[in-house]
J.: 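Quick one: this structure, given as structure tokens, is what I'll be asking you about.
Values below: every heavy atom of this structure, side chains too, minus hydrogens, waters and symmetry copies. Just so it is clear: chains get the letters A, B, ... in the order the sequence lines come, proteins before strands, and each one is counted from 1.
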2 protein chains.
Amino acid sequence: MAEPLTREQILDTTEQVLRRFGLDKTSVVDVARALGVSHGTLYRHFASKAALKEAVAERWLHEVSTPLGKIAGEEGSAFDKVRSWIERLVHIKQSKAKEDPELFAMYNALAEESVEVITAHIHELIAQLTKIVEEGMKSGEFQKGNAHEQAAAIFYATARFHHPALAKEWASSHIQEEFKQVWSLITSGLVKKS
Amino acid sequence: MAEPLTREQILDTTEQVLRRFGLDKTSVVDVARALGVSHGTLYRHFASKAALKEAVAERWLHEVSTPLGKIAGEEGSAFDKVRSWIERLVHIKQSKAKEDPELFAMYNALAEESVEVITAHIHELIAQLTKIVEEGMKSGEFQKGNAHEQAAAIFYATARFHHPALAKEWASSHIQEEFKQVWSLITSGLVKKS
DNA sequence: CAAATGACAAAAATTAATATTTGTCATTTG
DNA sequence: CAAATGACAAATATTAATTTTTGTCATTTG
């Protein structure tokens with residue numbers, strides 16, 4: 001307690017308080033109380049409540065992008081990797097949503113308050129996918145083309161299964177099947193090969 | 001005014017009042033006043049305020065499904081038709097959202113209150129698409145398979161461009177390009193043809 | 001007598017007074 | 001003297017009293 005307050009300590013405690021009280025009911029005073037400091041102190045570490053929430057959102061999104069980045073960095077066929085990557089993304093989002101829907105909704109609301117944080121997160125994810133797609137184009141597994149555009153297309157074509165705004169629909173008993181069908185459409189294409 | 005009140009008259013006026021006052025500020029009394037009747041009268045035509053709103057939502061969604069149904073019924077190549085159908089769907093949604101975002105949000109909120117109405121609407125749309133896909137499979141334009149599943153996959157893979165929950169993202173300057181890339185991915189597929 | 005009314009109770013929403021929260025900064029503490 | 005405090009004003013949110021709204025139904029109207 002005599003130690004100086006760190007940014008990570010504040011973020012840990014902020015998350016705890018947010019989980020207990022919820023996004024709307026959490027005040028800076030609540031966070032300060034949980035840390036045993038005055039609320040003025042928090043303003044020496046974060047410029048505003050918005051900046052504090054932004055930092056929490058950023059950290060939460062890194063929990064998604066970090067394991068995915070590992071998959072993108074592995075060895076192996078690009079086809080297997082792109083499939084693992086997307087399936088992992090879908091699984092992370094859907095399992096968080098299923099385990100604790102309220103908490104999932106709260107973190108998403110938190111993230112939505114910080115457009116820039118979300119934008120950076122999406123760019124990071126598409127950059128990871130781009131890397132895999134580039135490999136697949138080089139190895140001859142995938143059709144040649146603009147890897148970044150192709151990666152974005154894969155990401156957006158699967159949005160139904162990982163975009164938080166569509167989380168309500170993940171409760172459907174067909175969602176797993178639908179993902180498989182979309183994935184098959186993306187990989188094989190609609191049009192008959194001549 | 002001596003004429004008996006019709007269901008369509010009530011729905012027309014309800015829409016007018018909703019557009020003026022908004023979803024939250026519109027009461028059954030407001031609608032009755034605009035019609036020049038007592039609010040008790042409306043309950044002889046609709047079981048509840050929810051039922052009245054449901055009927056408005058249903059009518060609004062038919063404005064989407066009706067023109068699309070015409071495309072599905074036309075003559076011509078299945079490939080052209082599936083493309084026209086999806087492009088039309090995307091265009092209807094995005095232009096409504098762009099022209100009057102508040103009104104678009106209101107009608108969507110209205111529709112979201114009636115899960116069954118939305119479910120029926122989506123089923124109708126996918127049934128239309130299924131018809132086109134079936135033709136394409138018969139004519140040899142498309143790969144053979146389960147037409148309904150394939151239609152659903154096309155619908156869901158393009159959700160980013162027509163699902164109202166994602167309307168915020170349609171303002172992006174890249175949205176048109178992204179649609180083209182997703183469409184090309186869906187038709188040609190990611191994997192290199194041997 | 002079919003269609004509409006309007007008075008009514010219960011539920012829901014609004015309002016305005018009250019209290020909390022955010023953000024600042026001069027002062028205090030170790 | 002760097003780090004933290006706490007008193008303060010302005011902005012925001014909560015609460016509880018008041019009003020409106022929903023839905024019903026016995027009565028009225030054409």
J.: Stem ranges for DNA chain D, with three or more consecutive Watson-Crick or G-U pairs under 3.5 Å?
T.: C:1-30 with D:1-30

J.: In whole Å, what is the span from the CG atom of A/Leu42 to the C1' atom of D/dA3?
T.: 13 Å

J.: Using a heavy-atom cut-off of 4.0 Å across all strands, would you classify B/Thr41 as base, sugar-phosphate, or nothing?
T.: base

J.: Salt bridge or not between B/Glu135 and B/Lys81? Use side-chain N to carboxylate O under 4.0 Å.
T.: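 Yes, B/Glu135 and B/Lys81 are salt-bridged.
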
J.: How long is the span from the CG atom in A/Leu68 to the CD1 atom in A/Ile92, to the nearest 0.5 Å?
T.: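 Between A/Leu68 CG and A/Ile92 CD1, I get 4.5 Å after rounding to 0.5 Å.
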
J.: Give B/Val29 one of three labels, base, sugar-phosphate or nothing, depending on what nucleic acid heavy atoms sit under 4.0 Å from its own.
T.: base

J.: Show me the pairs that pass ring pair (Phe, Tyr, Trp, His ring centres under 6.0 Å) and involve residues 132-167 of chain B, at least two apart or across chains.
T.: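 Found B/Phe155-B/His162, B/Phe161-B/Phe179.
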
J.: In whole angstrom, give the distance that lies between atom NZ of B/Lys25 and atom P of C/dA13.
T.: 10 Å

J.: Looking at B/Lys53 and B/Glu113, is any side-chain nitrogen of the basic one under 4.0 Å from a carboxylate oxygen of the acidic one?
T.: yes

J.: If only side-chain N and O atoms of B/Ser38 are considered, is one of them under 4.0 Å from the OP1 or OP2 phosphate oxygen of C/dT5?
T.: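 Checking B/Ser38 against C/dT5: at least one side-chain N or O falls below 4.0 Å of OP1 or OP2.
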
J.: Under 3.5 Å, is there a donor-acceptor pair between the A/Glu141 and A/Ser139 side chains?
T.: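 A/Ser139 and A/Glu141 do have a side-chain donor-acceptor pair below 3.5 Å.
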
J.: Rounding to an integer number of Å, can you tell me how far A/Lys53 NZ sits from C/dT21 P?
T.: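 These atoms are roughly 14 Å apart.
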
J.: Which pairs with one or both residues in residues 105-124 of chain B pass ring pair (Phe, Tyr, Trp, His ring centres under 6.0 Å), sequence neighbours excluded?
T.: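 Every pair satisfying ring pair (Phe, Tyr, Trp, His ring centres under 6.0 Å) with a residue in residues 105-124 of chain B: B/Trp60-B/Tyr107.
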
J.: Does the side chain of B/His45 get closer than 4.0 angstrom to OP1 or OP2 of C/dA4 through an N or O atom?
T.: yes

J.: CZ of A/Phe21 versus C1' of C/dT20: gap in Å, rounded?
T.: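 Interatomic distance, CZ of A/Phe21 to C1' of C/dT20: 14 Å.
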
J.: Assign a letter to each nucleotide of nucleotides 23-30 of chain D from its 5' end: B, base within under 4.0 Å of a protein heavy atom; S, sugar-phosphate only; -, no contact.
T.: BB------

J.: Assuming nearest nucleotide by heavy-atom distance, tell me which of B/Ser27 and A/Arg44 is located more 5' along DNA chain D.
T.: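 Looking at DNA chain D, the more 5' nearest nucleotide goes with A/Arg44.
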
J.: B/Gln9 CD to C/dA3 P: how many Å, rounded?
T.: 14 Å

J.: Can you list everything that forms a side chain to side chain donor-acceptor pair (under 3.5 Å) with B/Lys144? Sequence neighbours excluded, please.
T.: none

J.: Specify the separation, in whole Å, of atom CG of B/Asp24 and atom C1' of D/dT21.
T.: 14 Å

J.: Rounded to whole Å, how long is the line connecting atom CG of B/Asp30 with atom P of C/dA13?
T.: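 Answer to the nearest Å: 14 Å.
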
J.: Mind calculating the distance between CD1 (B/Ile10) and P (C/dA3) to the nearest angstrom?
T.: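 Rounding to the nearest Å, CD1 of B/Ile10 and P of C/dA3 are 12 Å apart.
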
J.: With a 4.0 Å cut-off, would you call B/Arg83 and B/Glu87 a salt bridge?
T.: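 A salt bridge is present here (some side-chain N lies under 4.0 Å from a carboxylate O).
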
J.: With sequence neighbours excluded, tell me which residues meet salt bridge (charged side-chain N to carboxylate O under 4.0 Å, His left out) with B/Asp12.
T.: B/Arg59

